[in-house]
Amino acid sequence: MDYRIVVTKDAEEDLERFIKYLIYEKESMQAAKNVLNDYDATIESLKHVAGSLKLCDNLRLRQLEYRRINFLNHRYFMLYRIVDNVVFVDNIFHELQDYENMMY
């Protein structure tokens with residue numbers, strides 16, 4: 001079963017913040033393009049595998065029914081939840097961020 005993907009405004013802003021960092025702070029347009037391509041590939045994968053990935057280990061996130069998918073080639077990941085046949089990507093984080101405390 002394929003899922004419909006909805007990327008929330010918060011997740012879009014997260015991605016935009018990472019891309020701006022790569023372009024303006026790291027001065028690497030190529031790195032930004034690579035992350036965007038990886039984001040697109042991860043979204044495409046999520047359409048097919050969203051329901052098969054496990055709930056988060058963190059108890060609070062598990063209670064909210066959040067799941068995590070890692071970007072395929074970079075150290076970013078998406079937190080998402082499934083409602084019926086729709087996947088809501090609520091946030092995007094770098095794996096070094098303390099995302100569990102940021103989600104409360």
Side-chain angles (χ1 to χ4, degrees):
M1 166 175 69
D2 282 355
Y3 294 87
R4 187 168 68 88
I5 308 294
V6 174
V7 179
T8 66
K9 183 174 172 54
D10 285 345
E12 289 175 352
E13 290 171 357
D14 292 339
L15 181 63
E16 183 177 329
R17 190 170 43 255
F18 293 129
I19 297 305
K20 284 182 176 179
Y21 172 78
L22 292 171
I23 293 171
Y24 298 113
E25 298 295 321
K26 293 297 184 180
E27 299 180 356
S28 179
M29 184 64 76
Q30 187 60 53
K33 287 179 183 178
N34 291 343
V35 168
L36 284 172
N37 288 338
D38 199 8
Y39 164 83
D40 290 339
T42 304
I43 288 287
E44 188 60 34
S45 176
L46 190 58
K47 290 178 184 177
H48 309 292
V49 302
S52 66
L53 299 179
K54 70 179 185 130
L55 292 170
C56 289
D57 291 332
N58 177 283
L59 181 59
R60 176 76 175 124
L61 296 177
R62 178 183 292 269
Q63 289 172 338
L64 296 170
E65 299 188 7
Y66 274 106
R67 300 167 191 256
R68 170 181 170 157
I69 186 169
N70 295 327
F71 278 36
L72 304 174
N73 298 304
H74 292 85
R75 296 176 66 189
Y76 299 95
F77 64 92
M78 300 174 193
L79 283 185
Y80 69 93
R81 56 197 163 80
I82 302 171
V83 178
D84 297 323
N85 196 37
V86 181
V87 170
F88 292 92
V89 176
D90 287 332
N91 293 96
I92 300 172
F93 295 103
H94 188 278
E95 66 182 33
L96 295 178
Q97 288 179 278
D98 183 12
Y99 73 96
E100 292 175 338
N101 288 320
M102 296 172 76
M103 290 296 293
Y104 295 120

If I compare all heavy atoms of R68 with all of N70, which pair ends up nearest, and what's the gap? NE-OD1, 2.9 Å
Flag, side chain of T42 to backbone of D38, donor-acceptor distance under 3.5 Å: yes
Over 12 non-hydrogen atoms of neighbours within 6.0 angstrom of CG in D84: no
Which heavy atom of L72 sits nearest a heavy atom of A41, and at what distance? CD1-CB, 3.8 Å
Quick one: are N73 and N34 in side-chain contact, heavy atoms under 4.5 Å? no
Sole candidate of R81, E65, Q63 that passes side-chain contact (heavy atoms from CB on, under 4.5 Å) when paired with L55: E65
side-chain contact (heavy atoms from CB on, under 4.5 Å) between F71 and V35: does it pass, once the steps are laid out? CA-CA 9 Å; F71 278 36; V35 168; 4.2 Å; yes
Nearest 0.5 Å please: distance from the CG atom of N91 over to the OH atom of Y66. 6.0 Å
Mind checking what makes side chain to side chain contact (heavy atoms under 4.5 Å, CB included) contact with A50, not counting sequence neighbours? Y3, L46, Y80, I82, V87
Where at least one partner belongs to residues 11-37, residue pairs that pass ring pair (Phe, Tyr, Trp, His ring centres under 6.0 Å), sequence neighbours excluded: F18-Y76
All heavy atoms of E44 vs all of K47, minimum pair found to be OE1-NZ, 3.1 Å
For R17, which residues count as a side chain to side chain contact (heavy atoms under 4.5 Å, CB included) partner, sequence neighbours excluded? D14
Could you please spell out the steps behind the side-chain contact (heavy atoms from CB on, under 4.5 Å) verdict for K20 and E16? CA-CA 6 Å; K20 284 182 176 179; E16 183 177 329; 3.0 Å; yes
Is L64 reachable from L79 through a run of I, L, V, M, F, W or Y residues, each pair having side-chain heavy atoms under 4.5 Å apart? yes
Where do R67 and G51 come nearest, in terms of heavy atoms and distance? NH1-O, 3.3 Å
Could you tell me the separation between the CG atom of L22 and the NZ atom of K33, rounded to the nearest 0.5 Å? 13.0 Å
Counting C-beta onward and ignoring hydrogens, is there a side-chain heavy-atom pair between V89 and Y39 closer than 4.5 Å? no
Show which residues join V83 in its hydrophobic cluster (side-chain heavy-atom contacts under 4.5 Å, direct or indirect), or state none. V6, V86, F88
When rounded to the nearest 0.5 angstrom, what is the spacing between CE in M29 and CD1 in I19? 10.0 Å
List for me each residue that meets ring-ring contact (aromatic ring centres under 6.0 Å, His included) alongside F93, sequence neighbours excluded, and say none if there are none. F77, Y99
Quick one: side chain to side chain contact (heavy atoms under 4.5 Å, CB included) partners of D57, sequence neighbours excluded? K54, R62
Does atom CD of E95 have more than 12 heavy-atom neighbours, drawn from other residues, nucleotides or ligands, at distances under 6.0 Å? yes
Please report the shortest heavy-atom distance between I92 and A11, naming the atom on each side. CD1-O, 3.6 Å
